[in-house]
K.L.:
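The structure follows.
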Amino acid sequence: MGHGSGHTPRAGALVLFGVTGDLARKMVLPALYHLTAAGKLDLPIIGVAKTDLDLEGLREHARKAVGGVDDAAFGKLAGNLRLVAGDYRDPGTFARLREEVAGKGFLVHYLAVPPSLFSVVAEGLAGAGLNREARLVVEKPFGEDLDSARQLNDELLRHFDEDHLRRVDHFLGKEPVEDLMVFRFANTLLEPIWNRNHIRSVQITMAEDFDVRDRGAFYDANGTIRDVVQNHLLQLLAILAMDPPPSTDARAQLDEKWRVLRAVQAIEPSDVVRGQYTGYLDTDGVRPDSTTETFVALRAHIDSWRWAGVPWCIRSGKALPTTDLEVVAELRRPPVTMFRGGDAPPGPNLIRFRLQPDAGVTFDLLAKEPGKQHTRPVPVSVDFTKVLGPMEAAYERILADAISGDPRRFARFDLVEESWRIVHRVLDLPERPLPYEKGSWGPEPAAKIPPGGWHEISTTFD
Ligand code: BG6
């Protein structure tokens with residue numbers, strides 16, 4: 001498989017498959033509008049879909065998708081829009097697409113379509129010669145386990161090589177996720193303690209306070225491990241646990257992420273607690289006897305000199321008490337307790353990376369309680385948005401990268417393979433997940449996953 005940096009030409013046109021679909025409406029079209037409004041995007045956008053709409057209808061659809069718009073900016077986007085209506089299994093669709101893109105230079109084909117259509121579209125493109133001078137961008141999920149991911153990859157590789165494939169993991173487009181890397185490697189403060197000698201455990205929480213809503217059928221076929229752990233949260237773990245890349249080169253970063261994922265042991269069922277919220281089985285599209293998990297808490301172990309013996313604990317779920325994404329690293333306690341912590345023993349130092357809804361870092365330190373001889377925890381915080389200003393949305397960065405060709409914010413296949421390997425033994429476990437009430441932190445035994453329990457999520461910065 002080619003891991004070289006290869007050719008990454010800037011695209012002359014964007015072909016958007018599934019232009020009338022859900023993902024395009026919710027994410028892609030709004031992001032294209034914002035990029036256009038910011039003066040960062042001005043190129044032909046050819047929507048493809050099986051639809052009765054004509055071009056005017058598509059423009060109207062896009063306007064609704066985008067919401068409150070600035071007329072001039074929307075006019076520019078609408079002026080760039082084209083439409084090729086047709087079935088993805090009909091070669092005629094691709095023949096018409098070829099006419100539409102003739103002379104427009106390098107192409108980006110963005111597949112905002114269900115995964116079952118990825119290969120169909122790739123083949124249709126190849127049949128019309130549109131796989132040459134072109135990149136193919138596919139959305140998640142990439143496979144449903146290691147074997148199906150490999151099979152899908154083989155099918156795509158028939159028509160596009162690795163250098164011309166981009167697998168979207170929109171978490172990689174989030175500024176706060178990328179900021180973890182900058183925070184780790186632009187500062188010298190963390191690196192000396194960022195290892196097994198000083199860190200007792202790392203806890204990653206991705207909580208959502210809403211249930212599966214209208215996504216019952218999709219969710220029931222996937223579950224939490226497939227939906228967010230295999231991709232988003234293992235990517236996060238890789239960024240947090242990897243060694244410093246030797247350069248800022250995309251390949252150097254991807255290689256280091258791959259190296260650390262290689263060292264993560266396959267997760268065992270005994271290191272996992274799965275839950276299902278009460279009422280899930282009544283959701284439209286969910287099988288009445290479904291054993292799909294809507295919550296998971298697990299421990300991962302990394303066999304490396306840096307991390308051996310340090311549990312990396314991940315929990316995520318739907319219908320939890322809050323919507324938050326936070327990483328907490330717990331430092332080892334001082335070897336001798338010189339100061340008491342009031343009524344309770346003094347807590348450990350914590351390093352918190354808040355990623356969502358707001359972004360920043362908090363160090364939980366201990367200070368002397370005035371007038372007493374014991375300690376009290378004091379948070380030392382930086383709120384990134386306050387200090388640094390607003391951030392770009394993930395999809396804007398993903399689309400900008402798809403167009404420019406920079407591969408670093410996409411999932412290279414060898415990383416995808418490793419993450420499927422890591423979760424392989426805990427996919428589709430036969431046992432019924434433990435029930436939990438909506439608005440709770442999952443089933444009771446989940447509390448025992450990290451040594452000493454989960455640290456409370458910090459509330460937002462004030
Ligand atoms: C998606 C999952 O990939 O990520 C959803 O399918 C989840 O279930 C979503 O809600 C979370 O993304 P974000 O960007 O809203 O935090």
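Atoms within a ligand are numbered from 1 in the order they appear, just like the ligands themselves.
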K.L.:
Can a donor-acceptor pair be found between the side chains of D406 and S404 at a distance below 3.5 Å?
P.N.:
no

K.L.:
Which atoms of ligand 1 sit under 4.0 Å from any heavy atom of M206?
P.N.:
11 (C)

K.L.:
Select the closest option to atom 13 (P) of ligand 1 among K174, H232, K140, R226, judged by heavy-atom distance.
P.N.:
K174

K.L.:
What atoms of ligand 1 come closer than 4.0 angstrom to any heavy atom of K318?
P.N.:
5 (C), 7 (C), 8 (O), 10 (O)

K.L.:
Students should be able to answer this: which protein heavy-atom is nearest to atom 12 (O) of ligand 1, and at what distance?
P.N.:
H170 NE2, 3.1 Å

K.L.:
Among protein heavy atoms, which lies nearest atom 10 (O) of ligand 1, and at what distance?
P.N.:
E208 OE2, 2.6 Å

K.L.:
Quick one: do W307 and W312 satisfy ring-ring contact (aromatic ring centres under 6.0 Å, His included)? Show the steps, please.
P.N.:
CA-CA 9 Å; W307 293 118; W312 282 70; 5.0 Å; yes

K.L.:
Could you check atom 8 (O) of ligand 1 against the protein and tell me its nearest heavy-atom contact, residue, atom and distance included?
P.N.:
D227 OD2, 2.6 Å

K.L.:
Are Y110 and F17 close enough that their ring centres sit under 6.0 Å apart?
P.N.:
no

K.L.:
Classify the angle between the aromatic ring planes of H164 and F106 as parallel (below 30°), tilted (30 to 60°) or perpendicular (above 60°).
P.N.:
tilted

K.L.:
Looking only at non-hydrogen atoms, find the nearest pair between E330 and H455 and report the distance.
P.N.:
OE1-NE2, 2.6 Å

K.L.:
For atom 16 (O) of ligand 1, what's the nearest protein heavy-atom neighbour? Residue, atom name and distance, please.
P.N.:
Q356 NE2, 3.1 Å

K.L.:
Which word best sums up how the rings of F384 and F183 line up, parallel for under 30°, tilted for 30 to 60°, or perpendicular for over 60°?
P.N.:
tilted

K.L.:
Could you establish whether Y219 and ligand 1 come within less than 4.0 Å of each other, counting only heavy atoms on the residue side?
P.N.:
no

